[in-house]
Chemist: 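Pasting a structure below so you can have a look.
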Amino acid sequence: MSGRAVGEPARDPGPPAGEPAPVVVGVGASRGVAVSEVVELIEAALAAAGCADRPVRALATVTAKSSEPGLIGAARRLGVPLRAFPATALAAVRVPDPSAATAAAVGTPSVAEAAALLAAGPGAQLIAGKRKSVPRGGPARATCALAGPAVTDNGALTAGREGAPAGSSPAADIVMPSPNPPRRGPDRRTAVIGDKAPEREPTGTKETQ
């Protein structure tokens with residue numbers, strides 16, 4: 001019988017022994033960002049934070065950017081869901097790098113950092129703050145931040161949430177993995193209602209619209 005008190009939320013036992021804890025990537029984007037720019041940014045951020053061996057659980061962004069082809073394509077390429085949060089939910093999260101310009105554009109002073117924290121769930125802590133892409137021959141069109149669960153000495157995830165208000169925030173899975181999931185992690189192929197099955201892009205097809 002469990003010793004958990006009535007009404008107390010179940011505690012995530014954390015990753016299996018010997019397995020690295022998962023990472024959630026919060027992403028922000030300008031219109032027309034290329035899939036390759038988003039993926040290269042995420043890979044660079046993971047490497048810089050020493051998290052290249054940790055599995056990515058999901059990408060997360062603000063609802064206003066959830067239909068951006070570059071973000072949808074990046075989620076499909078990485079084989080993870082893209083989660084979207086309302087601007088009001090993101091605006092309630094305390095972050096180290098808020099932006100007045102972002103607040104004016106999408107209604108929240110943080111997209112990447114706040115989305116990463118909310119999507120990472122109970123015990124979330126920032127692993128790496130907002131980082132901009134460095135495309136060749138053009139302005140940066142993507143940002144990302146990394147968050148992961150806080151883990152106790154016995155490997156269980158803690159119950160708090162850094163920067164986020166108590167209680168769950170509404171979010172929706174926008175994209176699920178493509179037929180070519182990454183090597184690490186479960187093969188989750190369940191499609192979201194209304195989401196068309198991904199099609200293989202012909203060679204040379206542009207990634208932006």
Side-chain angles (χ1 to χ4, degrees), residues 2-28 42 45-46 49-63 65-66 71 74-75 78-98 108-131 143-177 181-182 184-190 192:
S2 171
R4 180 164 54 91
V6 175
E8 180 184 349
R11 175 169 292 186
D12 189 330
E19 290 292 324
V23 176
V24 172
V25 183
V27 287
I42 292 170
L46 290 169
C51 298
D53 64 336
R54 293 174 64 171
V56 174
R57 174 180 287 170
L59 303 189
T61 192
V62 66
T63 301
K65 295 293 182 179
S66 62
L71 297 186
L78 294 172
V80 299
L82 171 63
R83 297 184 65 82
F85 291 92
T88 51
L90 298 182
V93 181
R94 296 189 303 273
V95 297
D97 192 17
T108 172
S110 172
V111 173
E113 292 175 340
L117 285 168
L118 284 184
Q125 294 180 337
L126 279 178
I127 298 170
K130 184 173 68 176
R131 178 189 183 103
T143 60
C144 81
L146 311 179
V151 181
T152 64
D153 291 339
N154 64 3
L157 305 186
T158 59
R161 178 179 288 172
E162 177 181 295
S168 60
S169 297
D173 283 336
I174 304 302
V175 175
M176 295 303 285
R184 187 182 290 112
D187 182 3
R188 296 166 296 181
R189 296 172 185 264
T190 304
V192 176

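What you are looking at is a predicted structure, and each value in this text was computed from that prediction instead of being measured.
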Chemist: So, Arg57 side chain and Val24 main chain: donor-acceptor pair closer than 3.5 Å or not?
Modeler: no
Chemist: Side chain to side chain contact (heavy atoms under 4.5 Å, CB included), that's the test. Do Val25 and Leu78 meet it? Break it down for me.
Modeler: CA-CA 11 Å; Val25 183; Leu78 294 172; over 6 Å; no
Chemist: What closest approach, in Å, do Ala124 and Ala120 show between heavy atoms, and which atom pair accounts for it?
Modeler: CB-CB, 3.6 Å
Chemist: Compare every heavy atom of Thr108 with every heavy atom of Ala87, then report the nearest pair and how far apart it is.
Modeler: O-CB, 3.5 Å
Chemist: Could you tell me which non-hydrogen atom of Phe85 sits nearest to which non-hydrogen atom of Ala60, and how far apart they are?
Modeler: CE1-CB, 4.1 Å
Chemist: Identify the two heavy atoms, one from Pro55 and one from Ala21, that lie closest to each other, and give their separation to 0.1 Å.
Modeler: CD-O, 4.0 Å
Chemist: Could I get the full list of side chain to side chain contact (heavy atoms under 4.5 Å, CB included) partners for Ala49, not counting sequence neighbours?
Modeler: Cys51, Ile127, Ala128, Leu146
Chemist: Determine yes or no for a side-chain-to-main-chain donor-acceptor pair under 3.5 angstrom, with Glu113 supplying the side chain and Gly129 the backbone.
Modeler: no
Chemist: To the nearest 0.5 Å, tell me how far Leu90 CG sits from Leu118 CG.
Modeler: 5.5 Å
Chemist: Go through the structure and list residues passing side chain to side chain contact (heavy atoms under 4.5 Å, CB included) with Thr61, not counting sequence neighbours.
Modeler: Val27, Lys65, Ser66, Leu71, Leu82, Val111
